[in-house]
Trainee: 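There's a structure below that I have some questions on.
Excluded from the calculations below are hydrogen atoms, water molecules and symmetry mates; all remaining heavy atoms, backbone and side chain alike, are included.
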Amino acid sequence: MKKEEILEKSKSENLWSNERSKDMAINSENYAAKIGMFLLLIIIFWKWAHHIPYNDLASIFFVQFGVSIIYKYKNKTESKLYLVAGILMLFGSSIFLLDFFVNGVR
């Protein structure tokens, strides 16, 4: 391909946004997810300290963490540790969620 063809193809692919704005969107979403998980952990520990059931929030935390680990495995398949850790996190999440639906909020 010639230089002009590559530039034209790049312009057509990035018609509505450029690489900088895509990178900024990804970074802002990652930052927001980290802050959200931090707040979720604070609320889980607060509920745990006050003997309030926290299974609903713990299941959300485990799902988010497990899915992010499995996504890392998808992009880096040579490390089976990501797969095992992600499956264990999702299993833990299902246990917390099942406990929440069976026992409810007391």
Side-chain angles (χ1 to χ4, degrees):
M1 272 188 166
K2 293 183 181 179
K3 181 179 175 182
E4 292 81 19
E5 291 174 355
I6 295 172
L7 286 173
E8 191 62 38
K9 184 178 178 184
S10 175
K11 284 181 185 179
S12 66
E13 289 175 353
N14 298 319
L15 184 62
W16 297 105
S17 64
N18 59 18
E19 197 66 32
R20 182 174 179 259
S21 63
K22 287 179 186 177
D23 189 47
M24 195 180 328
I26 289 171
N27 287 338
S28 66
E29 291 167 1
N30 286 339
Y31 186 70
K34 288 176 186 175
I35 296 296
M37 286 195 51
F38 179 71
L39 291 174
L40 188 63
L41 281 175
I42 289 174
I43 295 170
I44 288 170
F45 285 125
W46 183 84
K47 287 177 106 176
W48 175 73
H50 290 88
H51 306 289
I52 300 171
Y54 57 89
N55 299 341
D56 53 346
L57 298 177
S59 68
I60 294 170
F61 174 77
F62 275 72
V63 163
Q64 187 172 3
F65 201 56
V67 168
S68 71
I69 290 173
I70 287 178
Y71 184 78
K72 288 177 185 175
Y73 169 74
K74 180 185 162 198
N75 293 321
K76 191 176 182 181
T77 56
E78 64 269 5
S79 178
K80 301 287 185 200
L81 182 63
Y82 287 132
L83 179 63
V84 172
I87 290 172
L88 288 175
M89 286 293 197
L90 292 178
F91 181 72
S93 171
S94 62
I95 297 287
F96 276 120
L97 198 57
L98 183 65
D99 184 46
F100 174 73
F101 283 126
V102 169
N103 295 326
V105 179
R106 294 182 189 165

Trainee: Angle class for the His50/Trp46 ring planes (parallel below 30°, perpendicular above 60°, tilted otherwise)?
Mentor: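 The arrangement is tilted - the two ring planes meet at 30° to 60°.
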Trainee: What distance do Phe62 atom CZ and Ile69 atom CD1 have between them, rounded to the nearest 0.5 Å?
Mentor: 10.0 Å
Trainee: Supply the atom-to-atom distance Leu57 CG to Phe45 CZ, rounded to the nearest 0.5 angstrom.
Mentor: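 Result: 12.0 Å between the selected atoms.
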Trainee: Identify whether Leu83 and Phe65 are in the same connected component of the hydrophobic contact network (ILVMFWY, side-chain heavy atoms under 4.5 Å).
Mentor: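 Yes: a chain of side-chain contacts under 4.5 Å links Leu83 to Phe65.
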Trainee: So how far is it from Met37 CE to Ser68 OG, rounded to the nearest 0.5 Å?
Mentor: 6.5 Å
Trainee: What is the distance from atom CG of Asp99 to atom OG of Ser94, rounded to the nearest 0.5 Å?
Mentor: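 The distance works out to 11.0 Å.
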Trainee: Using 0.5 Å steps for rounding, measure from the CD atom of Gln64 to the CD1 atom of Ile60.
Mentor: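 The CD atom of Gln64 sits 9.0 Å away from the CD1 atom of Ile60.
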Trainee: Do any N or O atoms from the side chain of Ser28 and from the backbone of Met24 form a donor-acceptor pair under 3.5 angstrom?
Mentor: yes
Trainee: Could you tell me whether the side chain of Lys47 reaches within less than 4.5 Å of the side chain of Asp56, counting heavy atoms only?
Mentor: yes
Trainee: Spell out, yes or no, whether Phe101 and Phe96 are grouped together once hydrophobic residues are joined by side-chain heavy atoms under 4.5 Å, including indirect joins.
Mentor: no
Trainee: Identify the two heavy atoms, one from Val63 and one from Ser93, that lie closest to each other, and give their separation to 0.1 Å.
Mentor: CG2-OG, 2.7 Å
Trainee: Same cluster or not: Leu90 versus Tyr82, using hydrophobic residues (I, L, V, M, F, W, Y) connected whenever any side-chain heavy atoms lie under 4.5 Å apart?
Mentor: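 No.
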Trainee: If I take atom OG from residue Ser59 and atom CD1 from residue Ile95, how far apart are they, to the nearest 0.5 angstrom?
Mentor: 11.5 Å
Trainee: Can Ile43 be reached from Tyr54 by stepping across I, L, V, M, F, W or Y side chains whose heavy atoms are under 4.5 Å apart?
Mentor: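 Yes, one cluster joins them.
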Trainee: Taking a hydrophobic cluster as the set of Ile, Leu, Val, Met, Phe, Trp and Tyr residues connected by side-chain heavy atoms closer than 4.5 Å, whether directly or through intermediates, do Trp48 and Phe61 fall within one such cluster?
Mentor: yes
